[in-house]
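I have a structure here, written as structure tokens, and I will follow up with some questions on it.
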Amino acid sequence: MKHFLINATMLLTLGAMVSCSNDEPANGGGQTVAKGEQYMAVRLQSVGNPGGTSFGKPASRATEVGNPEFEEGVGNENAITAANVRFYFFTETGLPFVMSESGVNGEVSETNMVKPYQVSSANTNGEAVGLDAVLVLGTPTEPYKGDKPAKVVCVANATDFTQFANKRLEDLLRETVNTPATWNTFMMTSSTYVDESGTLTYFTNVEDKIKETAAAAEADPANIFIERLAVKIRATGLGDYQVMEKDPETGAYTGKIFLLRNEDPGVPLYVTLTGWQPYLTANRAYGIKNIDMKWTAEENQPFSAWNIPQLHRCYWANVPGLSFQDNSYNIYSADQFKYSNFDSNAPTQNVFYTYENTLGTATSLSEFTDNTTAMVVRGVVHREGETEGLDFCRWGGDYYHSDYLKQVIVTAYNAERAEDAQATIADVEFVIDPSNPNHYFARVKGNDFKRFNNILWWKDGVTSYFVNIEHLGGKFGVVRNHIYDYKFSNVIGLGIPGNEPEKPVEEETFLAARVYVLNWHVISTTLDLE
């Protein structure tokens, strides 16, 4: 597994007694007097589930929702450079920790923000051993002098690092970031969870990690856990299926036999799933994961085991509000459904990234709501052994070839008109009903003929299936640092034939720390498309 080490030494020295972000005097601000020579070091590291367990059970390949696994990042999902990581230090009371630039092996700015000069990476298969912790407070040649910080927050790959600087610790929970247009880098911030004592934790306490010698600090570094803000969605199972129906009494699946009205009955239909695309994905998220402490009460928890302090994780979050990217689609444009089957041999392809959305109100996989993150799967209905889409309609409970339904419409139309006003099927068109999404009515020779309305039209056999993204505990939504891994195993019904989803004393101090980049948490779902 991938690990990231701060390979730099940074001396953080007290330079002023009052933070720029508040009017409180230093003695009331929580900065403490250091005693003697002190040191602290930091290292960044990715870890899986400690001890190889998940929810108290042996970790294994997940096959259904509720049986999660962990997966390390690939490529840029793990990338951290010296230019793109910052540490933010705070006093015991959560005020920005005031620092001067003298003796710092890195850049200090904005009162409490430090940018290291170097970072390097190493692999240790997820174990917190074999990595060299590197000094943050104190250098190899001199100790840190000044007040000691109490808490630290880490941010990597932010668009604007100053957004988190020179602010009270609690104010960081209200900072929002926009979903990036491209995913060249992955923003990461200190992980949020409720610890064993019931304390909301989105920072690392470092007071007991400040040591009297550099060697002691490096031997006992502070552990800082960070997680990606990104959500990753992927799918497998695209391809050919016989369209099935579900027996309403037994629930058993059988081959769906459609009577296409001018064709011999008993012809089974098939569908080829050609690709998928996301729908209702978030435009923004909180920079630091934001959770509600009311969830700690059993009667208010979003679902069982939503918070796992041993793994430095929680599995639910608040979001700043409904703001979605434009994921409108046209099912007749195959190029828009560009995501195909995920292949672990090409792990950066056919995956979609977004930010978390937990405001969804869906209660099933196929139910449309206007706020649940979902995916839309495109398909083409055809006869067995053919690839060309079958152009057909549904009207009055029956399925028709489109031309045959037009002949039915013409027959009814002509029966009401004089011989010189007769129509042919070339005079019939299907017109979308603006008041009834995905439905059409008939127009003959330019005249609306709404005796024939509520027509569903699978134009050229093109169809779509709407799939809400399911989280844990029956919740529908997506949460940061999770992979939503979908496998399609069957197709039930003909889908949606349209583009609308159904809805200060200078003392010497040394401090060491290490930062864990938490692995992706994988939720796998196998489902039948309906």
*Only one of Thr189, Asn519, Asn481 clears side-chain hydrogen bond (donor to acceptor under 3.5 Å, both in side chains) with Arg228; which?*
Asn481
_Exactly one of Arg480, Arg313, Lys289 should register a salt bridge (charged side-chain N to carboxylate O under 4.0 Å, His left out) with Glu227. Which one does?_
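Output: one option passes, namely Lys289.
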_Residue pair Thr93 / Thr91, side-chain donor-acceptor N/O under 3.5 Å_ =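 Result is yes, a qualifying pair exists.
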*State whether the side chain of Thr192 and the backbone N or O of Tyr202 hold a donor-acceptor pair below 3.5 Å, judged by distance alone.*
no
*Enter the distance from Leu172:CG to Ile288:CD1 here, rounded to the nearest 0.5 Å.*
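Spacing of CG (Leu172) from CD1 (Ile288) equals 5.5 Å.
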*Qualifying residues under side chain to side chain contact (heavy atoms under 4.5 Å, CB included), relative to Thr185, sequence neighbours excluded*: Asn157
*asked:* Can you tell me how far apart CG (Leu529) and CD1 (Ile492) are? Round to the nearest 0.5 Å.
replied: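 Interatomic distance, Leu529 CG to Ile492 CD1, rounded to 0.5 Å: 8.5 Å.
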*Would a 4.5 Å heavy-atom cut-off, applied to side chains only, mark Thr361 and Asn371 as touching?*
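In short, these two side chains touch, coming nearer than 4.5 Å.
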*asked:* Ring centroids only, cut at 6.0 angstrom: are His471 and Tyr315 within range, meaning strictly under it?
replied: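 For His471 and Tyr315, the ring centres are not under 6.0 Å apart.
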*Are Phe225 and Met188 close enough that some pair of their side-chain heavy atoms sits under 4.5 Å apart?*
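Sidechains of Met188 and Phe225: no contact.
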*Shortest non-hydrogen contact from Ile483 to Glu71?*
CD1-OE2, 3.6 Å
*Counting N and O atoms only, with roles assigned by atom type, does the side chain of Asn76 sit under 3.5 Å from a partner on the main chain of Asn184, one being a donor and the other an acceptor?*
yes
*Steps toward side chain to side chain donor-acceptor pair (under 3.5 Å) verdict (Thr199, Thr201)*: CA-CA 6 Å; Thr199 301; Thr201 302; 5.8 Å; no
*What pair of heavy atoms forms the shortest contact from Asp370 to Phe324, and how long is it?*
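Answer, listing the atom of Asp370 first, then Phe324: O-CE1, 3.8 Å.
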_Aromatic ring proximity Tyr339/Trp276, centre distance under 6.0 Å_ =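 Aromatic pair counts; centres sit under 6.0 Å.
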_Closer than 3.5 angstrom, by distance alone: can the side chain of Asn341 be matched with the main-chain N or O of Leu238 as a donor-acceptor pair?_
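Yes: the side chain of Asn341 pairs with the backbone of Leu238.
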*asked:* Whether the side chain of Lys151 engages the backbone of Glu92 through a donor-acceptor N/O pair (distance < 3.5 Å, no angle test) should be reported.
replied: yes
*Side-chain contact, heavy-atom cut-off 4.5 Å: Phe203 with Ile224?*
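Sidechains of Ile224 and Phe203: no contact.
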*Could you tell me how the ring of Tyr329 sits relative to the ring of Tyr279: parallel (under 30°), tilted (30 to 60°) or perpendicular (over 60°)?*
perpendicular
_Can you pull out every ring pair (Phe, Tyr, Trp, His ring centres under 6.0 Å) where at least one residue sits in residues 149-190? Sequence neighbours excluded, please._
Trp183-Phe186, Trp183-Tyr353, Trp183-Tyr355, Phe186-Tyr353
_Smallest separation among heavy atoms of Gln277 and Ser328, with atom names_ =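 Smallest interatomic distance, heavy atoms only, reads NE2-O, 3.9 Å.
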*Are the side chain of Asp171 and the backbone N or O of Leu173 linked by a donor-acceptor pair below 3.5 Å?*
no
_Among Glu72, His482, Glu77, exactly one meets side-chain hydrogen bond (donor to acceptor under 3.5 Å, both in side chains) together with Trp520. Which residue is that?_
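By the side-chain hydrogen bond (donor to acceptor under 3.5 Å, both in side chains) criterion, Trp520 pairs with just one of Glu72, His482, Glu77: Glu77.
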*Answer yes if the side chains of Arg284 and Ser323 hold a donor-acceptor pair under 3.5 Å, and no otherwise.*
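The criterion, which ignores hydrogens and geometry beyond distance, is not satisfied for Ser323 and Arg284.
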*Could you please spell out the steps behind the side chain to side chain contact (heavy atoms under 4.5 Å, CB included) verdict for Asp292 and Trp316?*
CA-CA 9 Å; Asp292 192 335; Trp316 199 240; over 6 Å; no
*asked:* Using side chain to side chain donor-acceptor pair (under 3.5 Å), reason through Asp160 and Thr162 one step at a time and then give a plain yes or no.
replied: CA-CA 6 Å; Asp160 179 13; Thr162 62; 2.5 Å; yes
*Step by step, work out the side chain to side chain contact (heavy atoms under 4.5 Å, CB included) result for Glu107 and Val114.*
CA-CA 6 Å; Glu107 298 177 16; Val114 174; over 6 Å; no
*To the nearest 0.5 Å, tell me how far Glu298 CD sits from Asn300 CG.*
10.0 Å
*Ignoring hydrogens and angles, tell me if any N or O in the side chain of Asn166 forms a donor-acceptor pair with the backbone of Thr111 under 3.5 Å.*
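Such a contact is absent between Asn166 side chain and Thr111 backbone.
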*asked:* Looking at every non-hydrogen atom in both residues, tell me the closest pair between Ile331 and Val462 and how far apart they are.
replied: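 Here Ile331 and Val462 meet closest at O-CG1, 3.2 Å.
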*To the nearest 0.5 Å, tell me how far Ser464 OG sits from Asn438 CG.*
7.0 Å
*asked:* Quick check against the 3.5 Å criterion: does Thr358 have a side-chain atom that pairs as donor or acceptor with the backbone of Gly477?
replied: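 No; judged by distance alone, with no hydrogens or angles, the pair does not exist.
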*For atom CD of Glu196, decide whether the heavy atoms of other residues, nucleotides or ligands shown that lie under 6.0 angstrom number more than 12.*
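Above 12, so yes.
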*How long is the span from the CG atom in Leu229 to the CD atom in Glu356, to the nearest 0.5 Å?*
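Answer for the CG-CD pair, Leu229 versus Glu356, is 7.0 Å.
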_I'd like to check Gln349 versus Asp343 (side-chain heavy atoms, cut-off strictly below 4.5 Å). Are they in contact?_
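No; the side chains remain at least 4.5 Å from each other.
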*asked:* Test side chain to side chain contact (heavy atoms under 4.5 Å, CB included) on Thr363 and Thr369; report intermediate values, then the result.
replied: CA-CA 9 Å; Thr363 58; Thr369 72; over 6 Å; no
*Might you point out which heavy atoms bring Tyr193 and His312 nearest each other, and give the distance in Å?*
OH-ND1, 3.1 Å
_Closest approach of Asn468 to Thr372 (non-hydrogen atoms, all atoms of both residues)_ =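 Between these two residues, the closest heavy atoms are OD1-CG2, 3.6 Å.
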_Any Lys475 side-chain heavy atom under 4.5 Å of Glu470 side chain_ =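 Not in contact.
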*Check whether any side-chain heavy atom of Cys154 lies under 4.5 Å from a side-chain heavy atom of Phe87, and answer yes or no.*
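Yes, close enough: below the 4.5 Å cut-off.
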*asked:* side chain to side chain donor-acceptor pair (under 3.5 Å) for Ser489 and Asp528? Distances and angles first, verdict last.
replied: CA-CA 5 Å; Ser489 60; Asp528 301 324; 2.8 Å; yes
*Taking the side chain as every heavy atom from C-beta outward, state whether Tyr484 and Val479 have any pair of such atoms under 4.5 Å apart.*
yes
*Backbone N or O of Gln163 within a donor-acceptor pair of the Lys167 side chain at under 3.5 Å?*
yes
*Kindly determine whether Phe488 and Thr525 satisfy side chain to side chain contact (heavy atoms under 4.5 Å, CB included), including the steps that lead there.*
CA-CA 9 Å; Phe488 308 129; Thr525 304; over 6 Å; no
*Could you walk me through whether Asn350 and Ser340 pass the side chain to side chain donor-acceptor pair (under 3.5 Å) check?*
CA-CA 6 Å; Asn350 291 308; Ser340 186; 4.9 Å; no
*Please examine the side chains of Asp485 and Ile233, heavy atoms only from C-beta on, and report whether any two atoms are closer than 4.5 Å.*
no
*Hey, are Thr281 and Gln325 close enough side-chain-wise for a donor-acceptor pair under 3.5 Å?*
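Result is yes, a qualifying pair exists.
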*asked:* Distance check, rounded to the nearest 0.5 Å: Asn330 atom CG versus Arg378 atom CZ?
replied: 9.0 Å
